[in-house]
Amino acid sequence: GSNEGRVLKLQDIDTDNNKVEFKDLSTGNTRTDTYNDGTNTAVDVGFAEITVNIDETAKRITFATIDSGDLRTEQGAGV
């Protein structure tokens, strides 16, 4: 694992094809994954899995969980 922090940008939401794209601003890599409208969906961003709920009708995005076994604070505590 890396000891570097990561910054993600929600790059694009394609509501016609139910695809979401995140860009890792730390590395420049982009990841695209599918989502299910209006329900919690696990999205792989490369170094972690993020659960998002993209509700097209309500025009709302909710980040339910951000999970990675490798996320640590500066002091080494798990996140």
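- Ile61 has its side chain out of reach of Tyr35: every pair of non-hydrogen atoms, C-beta onward, lies at least 4.5 Å apart.
- Taking each heavy atom of Leu8 and Asp24 in turn, the nearest pair found is CD2-CA, 3.8 Å.
- The minimum heavy-atom distance between Leu10 and Val20, with the atom names listed, is CD1-CG2, 3.4 Å.
- For the atom pair CD of Gln11 and OG1 of Thr32, the computed distance is 9.0 Å after rounding to the nearest 0.5 Å.
- In this structure, NZ on Lys59 lies 14.5 Å from CD1 on Ile54, to the nearest 0.5 angstrom.
- Leu25 meets the side-chain contact (heavy atoms from CB on, under 4.5 Å) test with Val7, Lys9, Lys23; sequence neighbours excluded.
- Note that CD1 of Ile13 is 8.5 Å distant from CD of Glu56, once rounded to the nearest 0.5 Å.
- In this structure a side-chain-to-backbone donor-acceptor pair under 3.5 Å is present from Asp14 to Asp16.
- No side-chain donor-acceptor contact under 3.5 Å links Thr57 to the backbone of Asp55.
- The pair Arg31-Asp44 meets the salt-bridge criterion, with a side-chain N (NZ, NE, NH1 or NH2) lying under 4.0 Å from an Asp/Glu carboxylate O.
- Here the CG-CD1 distance, from Asn40 to Ile50, works out to 13.0 Å after rounding to the nearest 0.5 Å.
- Counting heavy atoms from C-beta outward, Val43 and Phe22 have side chains that approach closer than 4.5 Å.
- Residues satisfying the side-chain hydrogen bond (donor to acceptor under 3.5 Å, both in side chains) criterion with Asn29, sequence neighbours excluded, are Thr27.
- Asn18 has its side chain out of reach of Asn36: every pair of non-hydrogen atoms, C-beta onward, lies at least 4.5 Å apart.
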